[in-house]
Amino acid sequence: MVSNEIAVLGSNGFIGSSLVDYFKCIGITKYNYSPNEYRVFINANGNSSKLLPEKDLLLDFDLTVRNTLKSVIDFKFNTYVYLSSCEVYTDKTTEDTILNPDKMSKYAFSKYLAENIVKKNCKKWLILRLNAPINKNCKKGPIFDMLNKDKLWLSAK
């Protein structure tokens with residue numbers, strides 16, 4: 001049974017597809033993008049490549065910042081959940097630290113801007129800064145290694 005109460009934007013992506021499977025909810029892609037109303041709206045959309053902003057800053061902005069603003073305007077929801085990145089943090093940053101955009105990478109800065117769009121425009125929101133996400137199709141990473149009882153490799157770098 002599919003719930004109309006939860007929707008995941010970016011449902012064809014690595015994380016979004018797993019959320020749709022887990023919640024048995026509505027998946028929204030560029031092919032079925034149609035504004036509607038949901039109890040919970042999860043934004044798993046946007047640029048996931050840390051290299052893209054170095055190659056094409058405008059495309060990164062459109063995929064992350066502009067698309068977040070568009071979804072906030074287009075959809076109605078009780079709660080907006082934005083899946084961001086732990087890259088927004090820099091060394092020695094905690095939840096209480098006032099973030100300094102000047103110290104962020106271009107990738108992190110786009111995520112930070114999108115977070116602020118959500119905070120400014122949504123009455124009820126949750127921002128999750130993901131690190132080492134995993135889904136059913138994951139083939140590498142520290143969590144994947146631990147789950148498969150492989151060696152966990154660490155580096156001083």
Side-chain angles (χ1 to χ4, degrees), residues 1-138 141 143:
M1 182 168 135
V2 174
S3 167
N4 288 329
E5 294 198 12
I6 301 172
V8 176
L9 178 63
S11 61
N12 281 347
F14 185 76
I15 297 169
S17 61
S18 289
L19 291 172
V20 169
D21 288 347
Y22 181 80
F23 288 119
K24 305 289 185 243
C25 63
I26 302 294
I28 302 169
T29 70
K30 63 183 175 183
Y31 303 108
N32 71 344
Y33 189 98
S34 179
N36 209 330
E37 187 170 344
Y38 302 98
R39 186 173 56 83
V40 178
F41 184 87
I42 302 171
N43 183 347
N45 198 26
N47 171 38
S48 61
S49 168
K50 296 175 191 173
L51 302 176
L52 180 63
E54 301 303 324
K55 296 178 194 171
D56 191 340
L57 188 57
L58 187 57
L59 179 58
D60 173 63
F61 183 88
D62 284 345
L63 292 173
T64 301
V65 183
R66 186 177 187 283
N67 282 346
T68 298
L69 179 58
K70 184 170 175 29
S71 70
V72 165
I73 292 169
D74 288 348
F75 291 89
K76 290 184 168 78
F77 43 81
N78 291 339
T79 303
Y80 190 103
V81 179
Y82 179 67
L83 303 185
S84 187
S85 169
C86 66
E87 293 288 319
V88 172
Y89 290 121
T90 55
D91 291 342
K92 300 179 183 168
T93 303
T94 67
E95 282 292 332
D96 298 326
T97 304
I98 295 175
L99 298 175
N100 182 354
D102 293 337
K103 295 189 178 204
M104 294 177 189
S105 68
K106 291 176 183 177
Y107 172 80
F109 185 64
S110 291
K111 297 296 184 184
Y112 175 73
L113 289 174
E115 288 181 10
N116 280 285
I117 286 170
V118 171
K119 290 176 184 179
K120 181 78 173 170
N121 294 287
C122 302
K123 290 180 183 174
K124 202 170 167 189
W125 52 266
L126 175 65
I127 294 171
L128 300 174
R129 293 185 180 134
L130 305 179
N131 181 27
I134 188 167
N135 80 353
K136 65 185 177 192
N137 300 316
C138 189
I143 295 173

Is there a side-chain contact between Asn36 and Ile26, using heavy atoms and a 4.5 Å cut-off? no
Within the side chain of Asn32, is there an N or O that forms a donor-acceptor pair under 3.5 Å with the backbone of Gly27? yes
Which value, rounded to the nearest 0.5 Å, describes the distance between Leu126 atom CG and Ser84 atom OG? 11.5 Å
Please tabulate, for side-chain N and O atoms in residues 71-78, each donor-acceptor pair with protein atoms closer than 3.5 Å (sequence neighbours left out).
from	atom 1	to	atom 2	distance (Å)
Ser71	OG	Thr68	O	2.8
Ser71	OG	Tyr80	OH	2.7
Asp74	OD2	Tyr33	OH	2.7
Asp74	OD2	Lys70	NZ	2.7

d(Leu83 CG, Leu130 CG) to nearest 0.5 Å is 5.0 Å
Which is it for Tyr107 and Ser85 under the side-chain contact (heavy atoms from CB on, under 4.5 Å) test, yes or no, and what are the steps along the way? CA-CA 9 Å; Tyr107 172 80; Ser85 169; 3.6 Å; yes
Verdict with supporting geometry, Glu87 and Lys111, salt bridge (Lys or Arg N to Asp or Glu O under 4.0 Å): CA-CA 8 Å; Glu87 293 288 319; Lys111 297 296 184 184; over 6 Å; no
Would you say the side-chain atoms of Thr64 pair up with the backbone N or O of Gly46, donor to acceptor, closer than 3.5 Å? no
Decide yes or no on side-chain contact (heavy atoms from CB on, under 4.5 Å) for Leu52 and Leu63, but give the supporting numbers first. CA-CA 10 Å; Leu52 180 63; Leu63 292 173; 3.8 Å; yes
Please round to the nearest 0.5 Å and tell me the distance separating atom NZ of Lys120 and atom CD of Glu115. 16.0 Å
Enter the distance from Leu128:CG to Ile42:CD1 here, rounded to the nearest 0.5 Å. 8.5 Å
Where do Leu99 and Met104 land on the side-chain contact (heavy atoms from CB on, under 4.5 Å) test, with the steps shown first? CA-CA 9 Å; Leu99 298 175; Met104 294 177 189; 3.8 Å; yes
Let me confirm one number: the CG-CD1 distance from Asn100 to Ile98, rounded to the nearest 0.5 Å. 10.0 Å
Rounded to the nearest 0.5 angstrom, the CG-CD distance for Asp60 and Glu54 is 9.0 Å
Check whether any side-chain N or O of Asn116 sits under 3.5 Å from a backbone N or O of Tyr112 as a donor-acceptor pair, and report yes or no. yes
Backbone of Phe61 reached by a side-chain donor or acceptor of Ser110 within 3.5 Å: no
Lys119 atom NZ, over 12 foreign heavy atoms within 6.0 Å: yes
